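Please read the structure below before turning to the comments.
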There are 4 protein chains.
Amino acid sequence: MQESDSIIDHLFEDEKLTDKQKKIIEAAIDSFSEKGYSGTSTSEIAKKAGVAEGTIFRHYKTKKDLLLSIIAPMLAKSIAPFVIKDLYKILDTKYDSYEGFLRAMIANRYVFLKHNLPLFKILIQEIPFHPELKEQFMEHIAKKVYTRFESLVVYFQEKEQIINIPPASVIRFNITTIMGYFFTRYLFFPDADWNDDEEIEITIQFLLHGLSPLAKKEDDSP
Amino acid sequence: MQESDSIIDHLFEDEKLTDKQKKIIEAAIDSFSEKGYSGTSTSEIAKKAGVAEGTIFRHYKTKKDLLLSIIAPMLAKSIAPFVIKDLYKILDTKYDSYEGFLRAMIANRYVFLKHNLPLFKILIQEIPFHPELKEQFMEHIAKKVYTRFESLVVYFQEKEQIINIPPASVIRFNITTIMGYFFTRYLFFPDADWNDDEEIEITIQFLLHGLSPLAKKEDDSP
Amino acid sequence: MQESDSIIDHLFEDEKLTDKQKKIIEAAIDSFSEKGYSGTSTSEIAKKAGVAEGTIFRHYKTKKDLLLSIIAPMLAKSIAPFVIKDLYKILDTKYDSYEGFLRAMIANRYVFLKHNLPLFKILIQEIPFHPELKEQFMEHIAKKVYTRFESLVVYFQEKEQIINIPPASVIRFNITTIMGYFFTRYLFFPDADWNDDEEIEITIQFLLHGLSPLAKKEDDSP
Amino acid sequence: MQESDSIIDHLFEDEKLTDKQKKIIEAAIDSFSEKGYSGTSTSEIAKKAGVAEGTIFRHYKTKKDLLLSIIAPMLAKSIAPFVIKDLYKILDTKYDSYEGFLRAMIANRYVFLKHNLPLFKILIQEIPFHPELKEQFMEHIAKKVYTRFESLVVYFQEKEQIINIPPASVIRFNITTIMGYFFTRYLFFPDADWNDDEEIEITIQFLLHGLSPLAKKEDDSP
DNA sequence: AATGAATGAGTATTCATTCAT
DNA sequence: GATGAATGAATACTCATTCAT
C-alpha cells in the first residue's frame, strides 16, 4: 500500500489525473483490496482520500465506474508483454530453450505482480461478481495471452523440448504452478520466511521435469 | 445449486435444522456464492428462502453468524479424511506407492469439492475479508492437513519415490496443481468440453514426473 | 430489587399468581424501572424471568397490559390509608395536633414508598406518556386523597394550628416538601450518607414553621 | 411548543445551524418531550421536521447524539446565572436580605423554565435512563450550583437571617418548594386557573417562615 | 473543479405479537 | 399453561447519488 503511488504513476501514466483523483484511486485500491468492492463505501473512500463525497462522483459517474477504471489499466498492463514484440524476441532470438523462456517470463511477471499486489487482489476477488470484468478478462487474458502461449508451446513441442500433451494442459500447468507460488508467497503466507531465488528455481525445475518429454518416454517404455 | 439439498443434508447432518432453517441455509449458500457476502442482503435471502426476514435472525444472531455457521461444517468436512484413519490406510496398507496415494486422494477430494462447489466458492471468496475465517482455515487446514501431508511426503522421500526437495514445496506443487485443475475446470471454464478422466490422468503424470527423483538424477548427472 | 419478592407478595396478595407470573412481574418491574417502559423489550423481560416469550402474552394481552397490571395495585395501595378509616382515627382520636398528623403520615408513607421504590419510579416515569395512567392517577390520588386532605387542612385551620392560606397551597407545600425529601433521598442521592431520623425531624420542623399561624402573625405585626 | 423557535434561537444561538437542522431540533424537542426518547422514532422526527430520515444522521451520528446535543445547551444555560457574576451582584449589592435573594432568583429561574418547558421535561424524564446525562447534570448543577448556593446560605445564616440547620437541608427546602410549585403549575395542572403572583408570594412566605431563625427559637424555648 | 448538505431507497436487526404443538 | 418458531412491521442507521453553491 505504501507503494500505491508508484503503482498509480506507473499504471495510470497515460491518463492525466488531478491530485485529488490520484488520492481517490489510491484510497479506493486500498479499501477495495482490503474489504472488497461491496464491503467498501464511497464515503469511506472519500474520507480516506481527503476529498468531499461529491468529488468522487464528479470523476466517476458511479461506484462501479471507479472500480472498472481501476482495473482496466491493470488488465491492459497484465497482457502487455504478450501482445508486443517481446514475445517474438523470445521466440526468434533470445531464448531457444523452453527453460530460457520460462525463466524470462517468470522474472518478468513476478516483478509486475509484486508491484501491483493490491490491484491484483482486487482483480481476482471481484471477477466472480462482475460479468463485465470476467468478459474483459477472458477477452484480454484468455484469448490474447492464450493464443500466443499456445503457439509457443506447439513450437517447443515440435522442437521436442516439452511433452506432447494438449497445449491447453501445458499452459494450465505453467499458470497454476507459477500463480500457485505467487498466491502461496504473497496472499496465503506473506509473513513466512521466503527464499525467493531458491523457491523459484525449485518451481522451474518442477515444471521442466513435469513437462519433459524424456520423462514421458521413460514412463511409456518399460 | 440444484444439489443444495444434498449438500445441506450431508454437511449439516449432525445438527437438527427446522424446515425453514434448511431453506435459509440453502438460499444463503446460493446467494453468497453468487454475489458474495457483502453483496447479498438478508432481505434477499429471506425472499429466496420463502421466510420472513425476522426468521433469519431468530436462528442466526447476525448476518455474519449465518455465514460462519455455513462455512464451519464445510471446513470440518474438508479436513475429515486427513484427520481420521483414512490416511493411515493409505500409508499402511493400500498404497505403498506415491502414485497410489495421489490417485486415491484426488478421487476422494474431487468428489467432495464437486458436491460442495458453491460452499467452496464462498469459502475462498470470503476468506480474505474475514480474519476469523482465515484463522479457522489456517488452524484446520494449514495445520492439521499440512502436518499429515508432510509426514507422508517425508515417508515417500525416504522410499525414494519422490524428489528430495523441501516437503513444503512438494505439498505446494501437489495442491496448486490439483486445485489448479479444479479451478480451471469448475470456476473458470465450467462450460468447456472436459474429458475428466484423461485430464486427471495427464495431471497425475505431470505431478509424478515433476516430483520424480529419477528426473532429478538425470538432470544432475549428464 | 432484591426486595421484589416482598413487593409482589404484598402488592399482589389478592390476586392468584402462578409462579411464572410472579417471575414475569418481578422481571418487568426490574426492567421498567431501570430502562423505562419503551426502553424495555418483552423478550428481555422473558429472558430475565426465565420464561418463553409467548408466556408473557398468555397472561397479559399486550405489553401495555403488563405495565398497567403492575401499576394498578400500586395506585390502589398508595391511597389505601386515605380512603379507609385510618384517616378518621387521625381526626377523631389519636392526633389532635397537626404535628401529630404529620408525623403519622410521614412515617406511614415513608415505609410504603421505601418498600415500593422501583414501582414508584415506574409510576412517576411513565405517567407523562400514558394518558390512562394520568387519568387513573388523577382520579385516585388527586381526587380521593386530595378531598380527604383538604377537609383535614380546613379542620386544622379552624383549630388555628396552621396558617390561613388556600388549602390547596398547604397541601402542595406538604407534598412537595415530603416528596422532595423522598426524591432527594432515594432517587437523586441514594448513595450519600443519610441520617433519616434527623432529616425527617428537620423536615417536619420546616413544614410546621412554614405553615404556623404564629409565624405569619409575627411577620405581619412587627 | 409553539415557542420552540424562540427556544432554539436562544439556546442554540452560538452554534451555526442550517435551516433543516433547526427543524430537526424543533421536531425532536417536540416529540421527545411528548413521548419520551425511547418512545420517539427517528422516522417520526424526520417526518415532523419535513426532512429525509438520512438528513438527521448527517448532522447527528446517532439518535442519542441528537438527544445529548439538545440537552447540553439546556444544562449549560440552566447554571449560567449561578456561575457568572450575577450571583455576586445578589450578594454584594442588590439584596442584603435572604428574602431579596429569594425573590430575585425565583423571578429569574421562573422565566427561564417557563420558556424552556419542553426541554426541561425532556431533561427530567430522561435523566434516569442515561447515566451520561446524570453525570453531566451532577457535575454542572449539583456541583457548581450547589457550591454557590451553599456559601450563600452560610452567609445568610451568619447574618442570622435563616435558621441554623445544615445548608444542604436549607437548599433542599428551597429547591423542592420552588420546583414543587413549578411542577404543580406547569406539569401536573397546567389547565387550572392560576394566579401566579399570589401563589409565588405565598410560596415565598412559606419558605421564609419555614427557614426563619425566630421560629426555631420559639420552638426551642418552651 | 470541488464541496457538502440533502436525499430516499436500502441495510441489518429488533419488536410485539400469534399460533401450532 | 407453557413453549418457541414464525411473522412482518418498525427501528436506527447507511448507502450511492444529486445538486445548489
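Within every chain, numbering begins at 1; the chains are lettered A, B, ... in the order of the sequence lines, protein sequences first and strands thereafter. All values reported here derive from a predicted model rather than from experimental measurement.
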To the nearest Å, give me how far apart [atom1] ([X]) and [atom2] ([N]) are.
X	N	atom1	atom2	answer
Ile45(C)	dT14(E)	CD1	P	17 Å
Glu44(C)	dT13(E)	CD	C1'	16 Å
Ile56(C)	dA5(F)	CD1	P	16 Å
Tyr60(B)	dT14(E)	OH	P	16 Å
Lys23(D)	dA5(E)	NZ	P	17 Å
Lys47(D)	dG8(E)	NZ	P	13 Å
Lys35(A)	dC15(F)	NZ	C1'	13 Å
Ile24(D)	dC13(F)	CD1	C1'	14 Å

Assign each of Lys61(B) and Asp19(A) to its nearest nucleotide of DNA chain E by heavy atoms, then name whichever residue's nucleotide is nearer the 5' end.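 Residue closer to the 5' terminus by nearest nucleotide: Asp19(A).
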Which comes earlier along DNA chain E counting from the 5' end, the contact point of Ser38(C) or that of Thr55(D), where each point is its nearest nucleotide?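 The residue mapped nearer the 5' terminus is Thr55(D).
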Walking DNA chain F from its 5' end, the first of Glu53(D) and Thr62(A) to be reached, judged by nearest nucleotide, is Glu53(D)
Once the angle between the rings of Tyr37(A) and Phe32(A) is folded into 0 to 90°, is it parallel (under 30°), tilted (30 to 60°) or perpendicular (over 60°)?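 Tilted.
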Which nucleotide in [options] has an atom nearest any side-chain atom of [X]:
X	options	answer
Lys20(D)	dA6(E), dG1(F), dA16(E)	dA6(E)
Thr18(B)	dT13(E), dT7(E), dA6(F)	dA6(F)
Phe57(B)	dT17(E), dT3(E), dA12(E)	dA12(E)
Ser41(D)	dA12(F), dA16(F), dA2(E)	dA12(F)
Ser43(B)	dA16(F), dA16(E), dT11(E)	dT11(E)
Lys63(A)	dT13(E), dT3(E), dA16(F)	dA16(F)
Val51(D)	dA6(F), dT7(E), dA12(F)	dT7(E)
Ala52(C)	dT11(F), dC15(F), dT3(F)	dT3(F)
Arg58(B)	dT3(E), dA5(F), dT3(F)	dA5(F)

Ignoring backbone atoms, establish whether His59(C) has a side-chain N or O less than 4.0 Å from OP1 or OP2 of dA2(F).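 Checking dA2(F) against His59(C), a side-chain N or O does come within under 4.0 Å of OP1 or OP2.
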Residue matched to dG8(E) through Watson-Crick or wobble contacts both under 3.5 angstrom: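 Across any shown strand, dG8(E) pairs with dC15(F).
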Which nucleotide, if any, forms a Watson-Crick or G-U wobble pair with dA1(E), using both distances under 3.5 Å?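 Answer to the pairing question: none, since dA1(E) forms no Watson-Crick or G-U pair.
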Answer yes or no: is there a donor N or O on one side and an acceptor on the other, between the side chain of Thr40(B) and the main chain of Ser31(B), under 3.5 Å?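 Yes, the answer is positive, given that a donor and an acceptor are paired below the 3.5 Å cut-off.
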Looking only at non-hydrogen atoms, find the nearest pair between Tyr60(D) and Ser69(D) and report the distance.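 Closest pair (atom of Tyr60(D), atom of Ser69(D), distance): CE2-OG, 3.1 Å.
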Is a side-chain donor-acceptor pair under 3.5 Å present for Glu53(A) with Thr42(A)?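 No pair is found: no donor N or O on one side chain lies under 3.5 Å from an acceptor on the other.
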Polar contact flag, side-chain donor to acceptor under 3.5 angstrom, Lys20(A)-His59(A):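 No - no donor-acceptor pair under 3.5 Å links their side chains.
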Ser38(C) OG to Leu67(C) CG distance, which is reported to the nearest 0.5 Å: 9.5 Å
